[in-house]
Amino acid sequence: MDVITCPKCSGNTIVKSGIIKDRQRYLCKSCTYYFTVNKVGKKIDDYYVTKALQLYLEGLSYREIERIIGVSHVSISNWVKEYKMKKPPHPNYHPSYKIFKHAELVEYLKSKDHLSGAGMIITELGDKFMLIKWERFKD
C-alpha cells in the first residue's frame, strides 16, 4: 500500500475527505490542504534557477534568459519575486553576452583585444559556456 503524503507540506497526517468526480479526496491535518492525488509535476533543477537569477542580476531581461537556458520567462519572473531579487542599476555599463562551445571559447580568449574592457565573467551552461562582458556606453 502506498503511503500518501501531502503535496504541499509533505506531511503524512492525511485523512479521507469525500469523493470529487469519482476520485478520493484527502485532507492534510498539518496544513489543512485538500487534494485528490499526489502531484507529480515537472520540477526545474535548482541549477537552472541559480543560473537564471545570476543572469538576471547581470542585467539580462527575462526573455533573453528564456532564450539562453530554455526556461519560461514567467518562471524566471516568479523566481525573482519568490527570492526578492532586485537588479542593481547599471547606468554606465551595458552587459553583452556570447555563447561558445569549449573550442570557440579558447580561440576567443587567445586575443588580448577581447580581454581588455570593463570586465567579464564566464559561466557554464550545460555543455556550452556563456561569456558576459560589461562595456561602457559611449558618451
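Everything numeric in this text was worked out from a predicted model, so none of it was measured.
Of the inter-residue distances, the one linking K133 atom NZ with K98 atom NZ reads 7.0 Å to the nearest 0.5 angstrom. The distance from atom CD of Q54 to atom CG of L60, rounded to the nearest 0.5 Å, is 11.5 Å. Between E58 atom CD and I132 atom CD1 the span is 5.0 Å, to the nearest 0.5 Å. For the atom pair CG of L109 and CD of E104, the computed distance is 12.0 Å after rounding to the nearest 0.5 Å. Remark: I121 CD1 to L131 CG distance equals 9.5 Å, nearest 0.5 Å. T123 contributes atom OG1, which lies 9.5 Å from atom CZ of F129 (distance to the nearest 0.5 angstrom).
Shown are V49, T50, L57, L55; of these, the side chain to side chain contact (heavy atoms under 4.5 Å, CB included) with L53 is made only by V49.
V71 and S75 get closest at one heavy-atom pair: CG1-CB, 3.9 Å. Summarising the geometry of A52 relative to I65, their closest heavy-atom pair is O-CD1, 3.6 Å, with the distance given to 0.1 Å.
V106 is not connected to Y97 by any chain of hydrophobic side-chain contacts under 4.5 Å among Ile, Leu, Val, Met, Phe, Trp and Tyr, and they are in different clusters. Criterion: ILVMFWY side-chain heavy atoms under 4.5 Å apart, direct or through other members. Under it, Y47 and Y83 are part of a common hydrophobic cluster.
In this structure, the ring of Y62 has its center less than 6.0 angstrom from the ring center of Y56.
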request  = Take C6 and S30 through the side chain to side chain contact (heavy atoms under 4.5 Å, CB included) test and state the conclusion after the steps.
outcome  = CA-CA 9 Å; C6 176; S30 302; over 6 Å; no

request  = Apply the test side chain to side chain contact (heavy atoms under 4.5 Å, CB included) to residues K128 and F100: give CA-CA distance (whole Å), side-chain angles for both, the deciding distance (0.1 Å), then the verdict.
outcome  = CA-CA 6 Å; K128 296 183 179 153; F100 296 105; over 6 Å; no

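Looking at C28 and C9, their side chains come closer than 4.5 Å, going by heavy atoms from C-beta outward. The shortest distance between side-chain heavy atoms of I14 and F35 falls below 4.5 Å. Under the 4.5 Å side-chain criterion, counting only non-hydrogen atoms from C-beta, L125 is in contact with I69. The side-chain heavy atoms of W79 and I44, taken from C-beta on, include a pair separated by under 4.5 Å.
In the hydrophobic clustering, Y34 connects to V15, L27, either directly or through intervening members, whenever side-chain heavy atoms lie under 4.5 Å apart.
Judged by distance alone, with hydrogens and angles left aside, the side-chain atoms of Q24 form no donor-acceptor pair with the main-chain N or O of T36 at under 3.5 Å.
A salt bridge is absent between E64 and R67; no separation between the charged side-chain nitrogens and carboxylate oxygens falls under 4.0 Å.
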